[in-house]
Amino acid sequence: MRAVVISQWGGPEVLTEVEADRPEPGLNEILVRVRAAGVNPVDWKTRAGGALIGWGETPMVGWDVSGTVEAVGPGVTVYRPGDEVYGMPHFPRQAGGYAEYVAAPARHFARKPAALDHVQAAALPLAALTAWQALVEGAGLQPGERVLVHAAAGGVGHLAVQIAKARGAYVIGTASAAKHGLLRGLGADELVDYRAQDFAEAVSEVDVVLDGLGGEVARRSLEVLKPGGRLVSLPGPGDVPAEAAERGVHASWMLVEPDRKGLEEIAALADRGLLKPLVDTVLPLEQAARAHEIGEQGRTTGKIVLTVA
């Protein structure tokens, strides 16, 4: 099969297309023929030298996939060949999503949202699961609560806006002014232009903050939380939890994990028209290096997706 591997840690140019052995599904695994693969910041951060857990001699990158079940391993009862699925297999261990085939536990996948094509579905798993697990499971978001989403036009942010809105929350987002119209169309109730305003002065009495930036943004987010409020930081909270405790709020860090139930909830939202991924750029698999170059510029709205013929 065709696959893109990391020839050595470094810049986008180290991504190399090779012929690799097609994996075989083991116990409780399925073999998925990949139709599209999402690209995430963790992909290029890993490629640059941040090896995660369980890497082989030839590192393969990529976790977001959407495709068709090609074969099922012993013990699998939830899927049959021909089923359309999407998922985030093995994260944070190596999955090799930039390839024609991926083998992984069946319950790392869910049925692809019927309302979305494979490109749209591949844009969802890692980012949407991150938003879902942070807001719904981590923060326990309730209807009527006020939510602040930082980097609201980004890969996680634009999905978090929609998920929070679907949960009945009042949604505030930070983004450049040029993206405010788009975010209002996704359901944002209030927007802050971070280039022109200090969000800590523009926003107050927030129940939940989803922070995808970290550092000073995480620390200053404590200032906008009401007593008992919750901050969920994706890059890591640093020393923020200690200050949070002094302020009477809670700060935590989370790392997304494969979750079939969460994927099913996300698919249900998509099929009801309440969640739609924004796809900024679509490129063929052989242009994975270009996809990383674009992503690292930090100017995309939504997601980058690779198509796999």
Side-chain angles (χ1 to χ4, degrees), residues 30 32-43 61-69 79 83-92 95 97-98 102 104-138 149 151-167 182-183 185-187 210 212 234 254-283 285 291 295 300-308:
I30 59 174
V32 176
R33 183 178 181 186
V34 180
R35 303 294 185 178
V39 178
N40 294 286
V42 68
D43 297 8
V61 74
W63 287 275
D64 277 347
V65 298
S66 181
T68 306
V69 176
Y79 302 117
D83 288 343
E84 293 188 318
V85 297
Y86 80 127
M88 186 191 69
H90 292 301
F91 189 85
Y98 296 4
V102 167
R107 294 181 185 272
H108 286 188
F109 297 89
R111 295 187 185 276
K112 180 183 75 65
L116 305 182
D117 59 28
H118 284 295
V119 168
Q120 294 170 313
L124 278 176
L126 193 150
L129 276 176
T130 297
W132 179 271
Q133 291 172 12
L135 293 174
V136 179
E137 299 175 359
V149 178
V156 173
H158 84 284
L159 298 171
V161 166
Q162 296 175 75
I163 289 171
K165 197 64 184 175
R167 302 287 294 185
L182 180 150
L183 289 167
L186 296 180
L210 178 56
L234 305 180
M254 65 151 286
L255 180 65
V256 65
E257 59 184 301
D259 176 18
R260 180 184 173 212
K261 179 174 173 54
L263 288 169
E264 290 174 340
E265 296 278 6
I266 290 162
L269 289 178
D271 285 336
R272 289 166 56 197
L274 299 176
L275 181 66
K276 184 174 181 179
L278 299 177
V279 178
D280 183 280
T281 305
V282 180
L283 294 168
L285 178 65
T300 57
T301 301
K303 296 295 295 295
I304 302 170
V305 177
L306 299 172
T307 55
V308 185

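Here the structure is a predicted model, which means the values were calculated and not measured. Just so you know, residue 1 is the first one in the sequence shown, and it goes up from there.
- D117 places a side-chain N or O within donor-acceptor distance of the main-chain N or O of V119, the cut-off being under 3.5 Å.
- Heavy-atom minimum distance, E137 versus D259: OE2-OD2, 3.7 Å.
- Put simply, the side chain of E264 never gets that close to the backbone of A110: no donor and acceptor are under 3.5 Å apart.
- Here the straight-line distance linking atom CG of L255 with atom OG1 of T130 works out to 8.0 Å at 0.5 Å rounding.
- Listed for the Y79 side chain is a donor-acceptor partner under 3.5 Å among the backbone atoms of F109.
- Counting only distance, with no hydrogens or angles, the side chain of Y86 and the backbone of L263 share a donor-acceptor pair below 3.5 Å.
- No more than 12 heavy atoms of other residues, nucleotides or ligands shown are found within 6.0 angstrom of CZ on R167.
- Among all heavy-atom pairs drawn from L116 and A270, the shortest one is CD1-CB, 4.0 Å.
- Of the listed residues (I266, L159, L124), just one forms a side chain to side chain contact (heavy atoms under 4.5 Å, CB included) with L129, and that residue is I266.
- In terms of modelled atom types and a separation under 3.5 Å, the side chain of E265 and the main chain of K261 share no donor-acceptor contact.
- Side chains of K303 and D280 form no contact here, defined as non-hydrogen atoms less than 4.5 Å apart.
- Using a 4.5 Å heavy-atom cutoff, the side chains of L210 and L234 are in contact.
- The shortest heavy-atom contact between S66 and A122 is CB-N, 3.8 Å.
- In this structure, L278 and L182 have side chains that are in contact, with non-hydrogen atoms separated by less than 4.5 Å.
- E84 is not listed as a side-chain neighbour of R35, based on a closest heavy-atom distance of 4.5 Å or more.
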Exercise for the section: Report the C-alpha separation of W63 and V256 in whole Å, then their side-chain angles, then the decisive distance to 0.1 Å, and conclude whether the side chain to side chain contact (heavy atoms under 4.5 Å, CB included) test is met. Expected result: CA-CA 12 Å; W63 287 275; V256 65; over 6 Å; no

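- Exactly one residue among V305, L306, V39 makes a side chain to side chain contact (heavy atoms under 4.5 Å, CB included) with L283. That residue is L306.
- Nearest heavy-atom pair, P89 versus H108, reported as atom, atom and distance to 0.1 Å: CA-ND1, 3.7 Å.
- Side chain of D64 to main chain of L126: a donor-acceptor pair is present (N/O by atom type, distance under 3.5 Å, no hydrogens or angles).
- Taking all atoms of both residues into account, the shortest heavy-atom contact from A123 to V279 is CB-CG2, 4.1 Å.
- Scanning both residues, A128 and I163, for their nearest heavy atoms gives O-CD1, 3.9 Å.
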Handout entry: Intermediate values then yes/no, side chain to side chain contact (heavy atoms under 4.5 Å, CB included), V161 and H158
Key = CA-CA 5 Å; V161 166; H158 84 284; 5.7 Å; no

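- Of the possible polar contacts, one joining the D271 side chain to the A115 backbone as a donor-acceptor pair under 3.5 Å is found.
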